[in-house]
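Report on the following structure.
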Amino acid sequence: MDTGLDIVAIASGSVKAFEKLYVAYYTKVLTYTSILLQDSAKAEDVTQDVFLKLWRNRERMKEDGQIDSYIYVTARRTVLDVFREEGYAVKYKEWAKSKQTEETFENYCLREISI
């Protein structure tokens with residue numbers, strides 16, 4: 001599929017080539033994250049994070065026509081990270097409210113991470 005994007009230039013660090021990618025995919029990624037998150041403000045933040053991750057990992061991009069997949073996998077993983085963080089926040093609030101246990105918060109976190 002010819003998207004008019006120069007993946008090699010993006011991987012090499014071309015800001016102009018990355019801007020084309022951003023313009024071509026921003027709305028699509030925002031729509032995707034909005035559907036998953038059901039929160040427009042959070043979706044905008046996550047979409048920005050997706051493009052930041054794409055830029056930071058640009059050398060992994062390959063000129064094989066799979067840029068769509070790479071972008072959407074990055075978006076899905078970033079959304080899952082948000083869900084995971086929110087889950088830990090809820091668990092922390094529950095733990096903080098209960099305080100009926102002798103367990104330290106550090107041990108609680110270590111136990112949760114190892115699950």
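Heads up: numbering here begins at 1 and tracks the sequence.
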_Beyond-backbone contact of I71 with L21, side-chain heavy atoms, under 4.5 angstrom_ = yes

*Is there a side-chain contact between Y26 and E44, using heavy atoms and a 4.5 Å cut-off?*
yes

*F18, V23: one ILVMFWY side-chain cluster at the under-4.5 Å cut-off?*
no

*Heavy-atom closest contact (R56 atom, E59 atom, distance)*: O-OE2, 3.5 Å

_Distance-minimising heavy-atom pair for R84 and D81_ = NH1-OD1, 2.8 Å

*To the nearest 0.5 Å, how far apart are CG in L52 and OG1 in T78?*
9.5 Å

_Just verifying a value: how many Å separate L37 CG and T47 OG1, rounded to the nearest 0.5 Å?_
8.0 Å

*Where is the tightest heavy-atom contact between A75 and V29, given as atom of each residue plus distance?*
CB-CG1, 4.2 Å

*Identify whether the distance between the nearest side-chain nitrogen and carboxylate oxygen of R77 and D49 falls below 4.0 Å.*
no

*Please check if the side chain of N57 supplies one atom and the backbone of R60 the other of a donor-acceptor pair under 3.5 Å.*
no

*With a cut-off of 6.0 Å (strictly less than), are more than 12 heavy atoms of other residues, nucleotides or ligands near NZ of K53?*
yes

*ILVMFWY cluster, V15 and F51 together (side-chain gap under 4.5 Å)*: yes

*Verify the cluster assignment for V73 and I67: are they in a single hydrophobic cluster under the rule of side-chain heavy atoms below 4.5 Å apart?*
no

_Rounded at 0.5 Å granularity, tell me how far OH in Y25 sits from OH in Y72._
7.0 Å

*Kindly compute the distance separating CH2 (W55) from OH (Y22), expressed to the nearest 0.5 Å.*
14.0 Å

*Hey, what do you get for CD (Q48) to CG (L30), rounding to the nearest 0.5 Å?*
9.0 Å

_Straight-line distance of T74 OG1 to L54 CG, nearest 0.5 Å_ = 5.0 Å

*Is the backbone N or O of I10 less than 3.5 Å from a side-chain atom of S14, with the two atoms forming a donor-acceptor pair by type?*
no

